[in-house]
Structure formats: C-alpha cells, structure tokens
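The structure under discussion appears below in the form of structure tokens.
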Amino acid sequence: PAAGTFTEGPETILDERESGGNLIIELTRAVVFSGTYTGAGQAHQRIVIHKDGSANVHMTITFSGLACGQPAELEFLVVGQVTFDQNFMGDIAGTYTVIDSGASDARTLRGRGEFEGLAGIGGAYQGQAHCD
C-alpha cells in the first residue's frame with residue numbers, strides 16, 4: 001500500500017488563454033510529498049476551466065526523494081477534476097500513476113492510486129506502490 005500527503009507551493013503561470021469559451025492555464029509549482037513517497041518535485045500543470053465552471057487538471061511531477069524508503073527519481077502522471085466555490089477555491093480529486101524516470105530508457109510502473117485535497121494547497125494520496 002501507498003499513503004501520505006502532499007503540499008503545493010505557489011504557482012508560476014506560464015500561459016493563460018481562452019479557447020472556445022474555456023480558460024486554459026499552464027503553470028509550474030513545487031510539490032512536497034511525505035509518506036510512501038518522501039521528497040520534492042516540480043509540477044507542470046495544465047488546467048482547463050470550462051464554460052460551465054467545471055475544471056480538469058493534467059500534470060506531470062518530476063520527483064526526487066525516497067520511495068518505499070529507497071532513493072528514487074520518479075515521474076507522477078496526474079489527472080484530476082476541480083470543483084470551485086464562489087471564492088475560486090476548489091476541491092481537487094483524481095488519479096495518479098508513478099513511473100521510474102531513472103537513468104535507464106525503460107519506464108517502469110512504480111505505483112498508482114487516488115488523491116484528494118484543496119487545489120493549490122495540498123491533500124492526501126493513497127494507492128499501491130511497487131517496491132522492488
């Protein structure tokens with residue numbers, strides 16, 4: 001099993017544009033993990049806020065730290081949905097896949113699971129880790 005928490009740092013907006021009534025925001029931010037994955041990563045996020053107010057997030061997090069207590073260089077592939085309130089704060093929930101981004105060309109599955117929290121702040125994750 002895998003479980004822990006994550007905290008998101010302030011974002012740096014790289015691009016913000018409108019397309020077909022949707023707002024598309026591309027940004028980066030630091031993410032700190034604790035638990036099964038302990039360390040830090042750099043997130044590259046693409047958020048699409050639709051005309052109806054719903055939002056989808058796709059991100060890749062380049063992680064360096066410990067996984068299952070062993071040094072690891074990993075990549076988190078994250079897909080989520082955000083539900084915003086009237087103050088533009090939002091609950092976020094979704095899934096993640098973890099792959100080994102080490103020196104070899106082979107990309108090995110290292111884990112997967114679900115997460116939930118507050119967009120731009122942090123939350124918790126749980127799932128399965130492949131500890132070799």
Side-chain angles (χ1 to χ4, degrees):
T5 62
F6 63 93
T7 304
E8 298 181 334
E11 76 269 1
T12 299
I13 295 177
L14 304 174
D15 186 40
E16 189 173 316
R17 64 189 181 284
E18 193 171 319
S19 177
N22 299 321
L23 178 61
I24 302 167
I25 304 168
E26 308 237 5
L27 58 95
T28 63
R29 69 171 77 232
V31 182
V32 177
F33 292 87
S34 65
T36 303
Y37 307 103
T38 300
Q42 185 66 32
H44 298 274
Q45 298 178 327
R46 181 173 195 237
I47 303 169
V48 178
I49 303 171
H50 303 284
K51 290 187 283 191
D52 67 2
S54 65
N56 299 87
V57 177
H58 293 266
M59 74 179 94
T60 302
I61 304 170
T62 305
F63 170 88
S64 181
L66 300 175
C68 306
Q70 300 295 316
E73 301 292 323
L74 303 172
E75 190 172 85
F76 286 72
L77 308 174
V78 180
V79 177
Q81 296 76 41
V82 181
T83 306
F84 291 110
D85 66 15
Q86 66 274 15
N87 298 318
F88 208 60
M89 297 295 293
D91 294 325
I92 187 168
T95 61
Y96 68 89
T97 302
V98 183
I99 55 175
D100 190 340
S101 63
S104 75
D105 289 334
R107 294 170 61 84
T108 306
L109 177 67
R110 295 296 303 264
R112 64 180 59 199
E114 300 175 346
F115 71 94
E116 60 182 24
L118 294 174
I121 296 174
Y125 64 87
Q126 63 182 9
Q128 295 296 314
H130 301 276
C131 303
D132 300 333

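Note that the coordinates shown come from a computational prediction; the quantities given were computed from them, not determined experimentally.
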Evaluation steps, side-chain contact (heavy atoms from CB on, under 4.5 Å), between Ile25 and Arg46: CA-CA 6 Å; Ile25 304 168; Arg46 181 173 195 237; over 6 Å; no
Chi angles and distances behind the side-chain contact (heavy atoms from CB on, under 4.5 Å) call for Ile92, Leu118: CA-CA 6 Å; Ile92 187 168; Leu118 294 174; 6.0 Å; no
side-chain contact (heavy atoms from CB on, under 4.5 Å) evaluation trace for Val48 with Leu23: CA-CA 6 Å; Val48 178; Leu23 178 61; over 6 Å; no
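Considering only heavy atoms from C-beta on, Ser54 stays 4.5 Å or farther from Thr83 through its side chain. For the pair Val57/Val82, a side-chain contact is recorded, criterion being any heavy-atom separation below 4.5 Å from C-beta on.
In this structure, the side chain of Glu8 engages the main chain of Gly120 through a donor-acceptor pair within 3.5 Å. Of the possible polar contacts, none joining the Thr62 side chain to the Gly41 backbone as a donor-acceptor pair under 3.5 Å is found. Although no hydrogens or angles enter the test, the distance criterion places no donor-acceptor pair under 3.5 Å between the side chain of Tyr37 and the main chain of Phe63. Of the possible polar contacts, one joining the Arg110 side chain to the His130 backbone as a donor-acceptor pair under 3.5 Å is found.
Atom OG1 of residue Thr28 and atom CE of residue Met59 lie 12.0 Å apart, to the nearest 0.5 angstrom. A distance of 7.5 Å separates CD1 in Ile61 from CD in Gln45, rounded to the nearest 0.5 Å. Distance check: Tyr125 OH to Thr36 OG1 gives 4.5 Å after rounding to the nearest 0.5 Å. Here the CD atom belonging to Gln126 is positioned 13.0 Å from the OG1 atom belonging to Thr5, to the nearest 0.5 angstrom. Atom OG1 of Thr7 sits about 11.5 Å away from atom CZ of Arg29, to the nearest 0.5 Å. In this structure, CD on Glu26 lies 13.5 Å from OG1 on Thr12, to the nearest 0.5 angstrom.
Hydrophobic clustering (ILVMFWY, side-chain heavy atoms < 4.5 Å, transitive): Ile49 and Leu27 are in one cluster. Val98 and Val32 are not part of a single hydrophobic cluster, where members link through side-chain heavy atoms under 4.5 Å apart. Transitive grouping of hydrophobic side chains (ILVMFWY, heavy atoms separated by less than 4.5 Å) keeps Ile47 and Val79 in distinct clusters.
For Gln128 and Arg112, the side-chain atoms include no donor-acceptor pair closer than 3.5 Å. Between the side chains of Glu73 and Ser64, at least one donor N or O sits under 3.5 Å from an acceptor N or O.
Residue Ile99 forms a side chain to side chain contact (heavy atoms under 4.5 Å, CB included) with just one option from Leu77, Thr108, Leu74, and that option is Leu77.
Closest heavy-atom contact between Ala43 and Val31: CB-CG2, 3.8 Å. The minimum heavy-atom distance linking Ala67 with Ala72 is given by the pair CB-CB, 3.9 Å.
Aromatic rings of Phe76 and Phe33 (six-membered ring for Trp) have centroids within the 6.0 Å cut-off, being under it.
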